[in-house]
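Written below as structure tokens is the structure these notes are about.
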Amino acid sequence: MAQPWIGTTNDGGFSGILYDAMSCLVGSLGFDLRVEDVPIGRLFSNLANGFGDVSVVLLTRDARFTELGKVADILPVDLFEESLVMAMRSEDDYSIGQLARVPIGGANLPVPVRQRLGINSSKFRAYNSEVAIVKSLLRQRIDVAVGLHRTLKYHADRLGVSGSVTIKWLVPESMVFRLAVSKKFQSKHPSVIDSMSRRLQELKQNGEFLAIQRRHLKPEPPTGGYRSGICTKSSSI
């Protein structure tokens, strides 16, 4: 995952929309937030073994929780919704039907989504960051970049190349950020799912999460910690 959602700071800390949102949510319920960036392959084992209590996961709307459901439960309320888009150089005009025939780059793009979009695996190149995808697109190493809308736009803006990139929506490929709460953590805090869901809904309805998004999507992203009068301690667990 990358900015504006989450990224590291120069001093080794974290910043971004998801980091501030989680700080707000977890802090308002009386917990301390400690963040660890782990590979997707360690997600299930961390939740199962108690090395992690809560994980932010990016899912399609129709995602099945067969494996994840063995070690964690998914909150019914979305953190944020995103859109999957395709970006190309402004002089090009590819359609979704052409994705199987052109070189494509993506980061953290689930295999089922790639298959549903008809992306040819032999023409797909995986990248570690959206910055690298945008740069490769402009250097003509790939013809199409597939990724999250806010992330690709954010990095095109930061690189000063927004005018050289065209973005098209991959309808209906919407993605959602959800919270997976480990069953081990729930055994210590039986009401945590209800409390987090209720508080998350409150923070979305009172505009707190919208304010966090707007703050990070400004031309100059924030560098300090999040401060707000709304994000205060609520009901205890």
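Every value quoted in this text rests on a predicted model; they were computed, and no experiment measured them. All residue numbers in this chain count up from 1 along the given sequence.
Looking only at distances, a side-chain donor or acceptor of Glu82 sits under 3.5 Å from a matching main-chain atom of Arg150. For the pair Ser191 (side chain) and Asp194 (backbone), a donor-acceptor distance under 3.5 Å is absent. Under a 3.5 Å cut-off, the side chain of Gln98 and the backbone N or O of Ser95 do form a donor-acceptor pair.
Taking OG of Ser55 as the start and CG of Asn46 as the end, the distance is 8.5 Å to the nearest 0.5 Å. For the atom pair Ile133 CD1 and Asn128 CG, the distance stands at 9.5 Å (nearest 0.5 Å). Here the CZ atom belonging to Phe31 is positioned 4.0 Å from the NE2 atom belonging to His189, to the nearest 0.5 angstrom. Expressed to the nearest 0.5 Å, how far CD of Glu36 lies from CZ of Phe51 amounts to 9.5 Å. Atoms CG and CD, from Leu18 and Gln3 in turn, are 9.5 Å apart once rounded to the nearest 0.5 Å. Once rounded to the nearest 0.5 Å, the distance linking OG of Ser136 with CD1 of Ile142 reads 5.5 Å.
The hydrophobic cluster containing Leu217 does not contain Leu210, counting ILVMFWY residues as joined when their side-chain heavy atoms lie under 4.5 angstrom apart, directly or transitively.
Of the charged side-chain nitrogens involved, at least one lies within less than 4.0 Å of a carboxylate oxygen, so that Asp20 and Arg215 count as a salt-bridged pair. The pair Lys184-Asp53 does not meet the salt-bridge criterion, since no charged nitrogen lies less than 4.0 angstrom from a carboxylate oxygen.
Side-chain atoms of Met196 and Leu200, non-hydrogen and from C-beta on, never get closer than 4.5 Å to each other. Within the 4.5 Å cutoff, side-chain heavy atoms of Leu109 are placed close to those of Ile119. Contact of the Lys204 side chain with the Asp78 side chain is registered, since non-hydrogen atoms from C-beta on lie closer than 4.5 Å. Side-chain contact between Asp93 and Lys168: present, with at least one pair of heavy atoms (C-beta onward) separated by less than 4.5 Å. Taking the side chain as every heavy atom from C-beta outward, Val165 and Leu138 approach each other to under 4.5 Å. Looking at heavy atoms from C-beta onward, Val102 lies out of side-chain contact with Lys123 at the 4.5 angstrom threshold.
Surrounding CG of Asp11 are more than 12 heavy atoms belonging to other residues, nucleotides or ligands, all under 6.0 Å away. Counting heavy-atom neighbours within 6.0 Å of Lys188 NZ, excluding the residue itself, gives a total of 12 or less.
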Exercise for the section: List the steps and the verdict of side-chain contact (heavy atoms from CB on, under 4.5 Å) for Val85 and Val146. Expected result: CA-CA 6 Å; Val85 298; Val146 177; over 6 Å; no
Handout entry: Test log, rule side-chain contact (heavy atoms from CB on, under 4.5 Å), inputs Asn120 and Arg101
Key = CA-CA 7 Å; Asn120 189 330; Arg101 302 195 296 272; over 6 Å; no
Handout entry: Candidate pair Ile212 and Ile17, rule side-chain contact (heavy atoms from CB on, under 4.5 Å), full reasoning
Key = CA-CA 6 Å; Ile212 290 173; Ile17 296 173; 4.1 Å; yes
Practice task
Report the C-alpha separation of Leu58 and Leu148 in whole Å, then their side-chain angles, then the decisive distance to 0.1 Å, and conclude whether the side-chain contact (heavy atoms from CB on, under 4.5 Å) test is met.
Solution key: CA-CA 10 Å; Leu58 179 63; Leu148 299 179; 3.9 Å; yes
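Pairing each heavy atom of Ile96 with each of Trp169, the nearest pair is CD1-O, 4.2 Å. The heavy-atom pair separating Met88 from Asp143 by the smallest distance is CB-O, 3.7 Å. The two atoms that bring Asn206 and Glu208 nearest to each other are OD1-N, 2.9 Å, heavy atoms only. Of all heavy-atom pairs spanning Leu75 and Arg178, the tightest one is O-CD, 3.3 Å. In this structure, Met86 and Val144 approach most closely via the heavy-atom pair CB-CG1, 3.8 Å. Pairing each heavy atom of Leu79 with each of Phe209, the nearest pair is CD2-CE2, 3.7 Å.
Residues Trp5 and His216 keep their aromatic ring centres 6.0 Å or farther apart.
Neither side chain, Gln115 nor Ser121, offers a donor N or O lying under 3.5 Å from an acceptor on the other.
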